[in-house]
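So the structure is just underneath, and the comments pick up after that.
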There are 2 protein chains.
Amino acid sequence: MKQLNSAFLTRLNRHVTLDSAERDAMHRLEGTAEPRSKRDPVFAADRPDDRIAILRSGWAASRVRSAGDQTTITQIYMAGDLIGLSDLGFRLPQHETTMQTDGTVNLLSRAELCDLGQSHPRLFAMLLSQSSLDATAMNDRLHAITRFSAEDRLMHFLLSIKSKTEQTTEQTSDRFPLPFSQKEIGDALGLTDIYVNRLLRGLQKAGQLVLSRPYIRITDRAAWEERLNFKDRYACLDVNWAC
Amino acid sequence: MKQLNSAFLTRLNRHVTLDSAERDAMHRLEGTAEPRSKRDPVFAADRPDDRIAILRSGWAASRVRSAGDQTTITQIYMAGDLIGLSDLGFRLPQHETTMQTDGTVNLLSRAELCDLGQSHPRLFAMLLSQSSLDATAMNDRLHAITRFSAEDRLMHFLLSIKSKTEQTTEQTSDRFPLPFSQKEIGDALGLTDIYVNRLLRGLQKAGQLVLSRPYIRITDRAAWEERLNFKDRYACLDVNWAC
DNA sequence: CGCGGGTTTGAGCCTACTCAACAGATGTGG
DNA sequence: CCACATCTGTTGAGTAGGCTCAAACCCGCG
């Protein structure tokens, strides 16, 4: 299979068929890929940046921090995700986004984004769809963190990571990567690293989980989804509404 | 002061100056207002609805529900807010949105939204800005719920409601409306109604709060903002980036 | 070899929950 | 207009889930 040049398009490709003009527009837009190492900021930290990024490979994460070591991981990005949409309404980035693994990104300015909106409204609609998907996933996550027990929260987190990896890569194996320390998982779930550890060990001991760093396998995914009433939003995305 | 016809424009008006063509476009788009009573769904529940709504007056709220009475209020909307952006990527609404007070809404189809994008890209950019603002507020909220103590969570909630009301109405009084039962506040914060009650009474007894249903007054707002390191995102919105 | 980041385990504690009961509103039908 | 049902708010007593503190272990790395 021919490797598409655009990570964003690769993602969309399973939902719509694009004409060649649209493909070309995206390719031109994405330009060249910049490498980033683990822990690097996605955007250079030194200057006010009005750009957005398309993550081409690797994982990234956004954090909110407050007094002391109070940290929350608010977003997790994988190949094809758009980074910086939530900063569009501000002059300065409100979010701190760093690479979670080594990877590459494409940077584009808001002006380029605008041009896209006018010349290819359908692509723009897809962008909106994608961002609505993120918002929906966020709502689900908020609900899980707000109302679930610690164990259910952890399960929900793992299921949603798994769903998202499936959106990105063609992969039928149950095994999927989990490039987070237990502390970081805690920061995503509102738990202590220590408690995350206990939960993981517990699940592993109960045979529900196989942990082989940095990979993980959920033994009986269907049972978990049943138990949590998990909805795979990624699976029912529909971007064919553009005029 | 002349009352603008568009709730969305009224909101934007403090950030940008719009030309008359843009105003006209919005007015045409919004069309007529439909009344809704408290607890009514914003969108008619019976048919798959591909529309989005602009809330013209009153408050609305979105909920996520899971097994039993596990409910989370994920979004709170006030006059001028756009409802349904997070469903754009789906055929069926993923979110259950109901009126929190009596009010009125304007409904528009996705097709109309698309037209707007092409004919008035600047308005579209503002729409994106607005939605990025919501996403940012959501991230802050996630952080608060994830890492704050119950009392801090409640304070954060009240501060953000207050900030949002200021965005909507020109109001210098410290007093602001809080059209939620204690159970609903709990659903927004991940707390029990009983515990919300204890917290509210405690704060009131400590003189930090004055409660006169359905209004509330924060006695020393600055102190709270200091304590929580509260950032008023609404205040620093910048929509002047359209090409 | 020492060092630091991540993981693992134990013991004790506190925050926020549960259950229960009642008082006040609000609303509804006769 | 009252009687009844329901929703909301208030308070008390007891419980437990997830936290804190502390210490060890593992592993890669300089």
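For the numbers below, each heavy atom of this structure counts, side chains included, while hydrogens, waters and symmetry mates do not. Chain A is the first sequence line, chain B the second, and so forth, proteins listed ahead of strands; every chain is numbered from 1.
Residues passing the side chain to side chain donor-acceptor pair (under 3.5 Å) test with R175(A), sequence neighbours excluded: none. Y195(A) pairs by the ring pair (Phe, Tyr, Trp, His ring centres under 6.0 Å) definition with nothing, not counting sequence neighbours.
In this structure, R36(A) pairs ionically with E34(A), as a charged nitrogen and a carboxylate oxygen lie closer than 4.0 Å. Salt-bridge formation is detected for the pair R227(B)/E151(B): a Lys NZ or Arg NE/NH1/NH2 atom is positioned less than 4.0 Å from an Asp or Glu carboxylate oxygen. Under the 4.0 Å criterion applied to side-chain N and carboxylate O atoms, K231(B) and E226(B) are not assigned as salt-bridge partners.
Between the CZ atom of R201(A) and the P atom of dG6(C) there is a distance of 18 Å, rounded to whole Å. Per the geometry, CD belonging to Q182(A) stands 4 Å off P belonging to dT7(C), to the nearest Å.
From the 5' end on, the contacts that DNA chain D makes with chain B at under 4.0 Å to a non-hydrogen atom open and close at dG9(D) to dA13(D).
The list of salt bridge (charged side-chain N to carboxylate O under 4.0 Å, His left out) pairs with a residue in residues 64-75 of chain A, not counting sequence neighbours, reads R65(A)-E96(A).
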Can you list, pair by pair, the side-chain donor-acceptor contacts under 3.5 Å of residues 196-207 of chain B, counting residues two or more places apart and other chains?
| from | atom 1 | to | atom 2 | distance (Å) |
| --- | --- | --- | --- | --- |
| N197(B) | ND2 | Q182(B) | OE1 | 3.2 |

Exercise. Would you mind building the protein contact string for nucleotides 11-23 of chain C? One character per nucleotide, 5' to 3', B for base within reach (heavy atoms under 4.0 Å), S for sugar-phosphate only, - for untouched.
Key: B----BSBBB---
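Note on N197(A): every side-chain N or O is 4.0 Å or more away from OP1 and OP2 of dT7(C).
The residue among R39(B) and K205(B) whose nearest nucleotide of DNA chain D lies closer to the 5′ end is R39(B).
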Self-check item: Worked verdict on R147(A) versus D152(A) for salt bridge (charged side-chain N to carboxylate O under 4.0 Å, His left out)
Solution: CA-CA 9 Å; R147(A) 288 299 187 197; D152(A) 286 358; over 6 Å; no
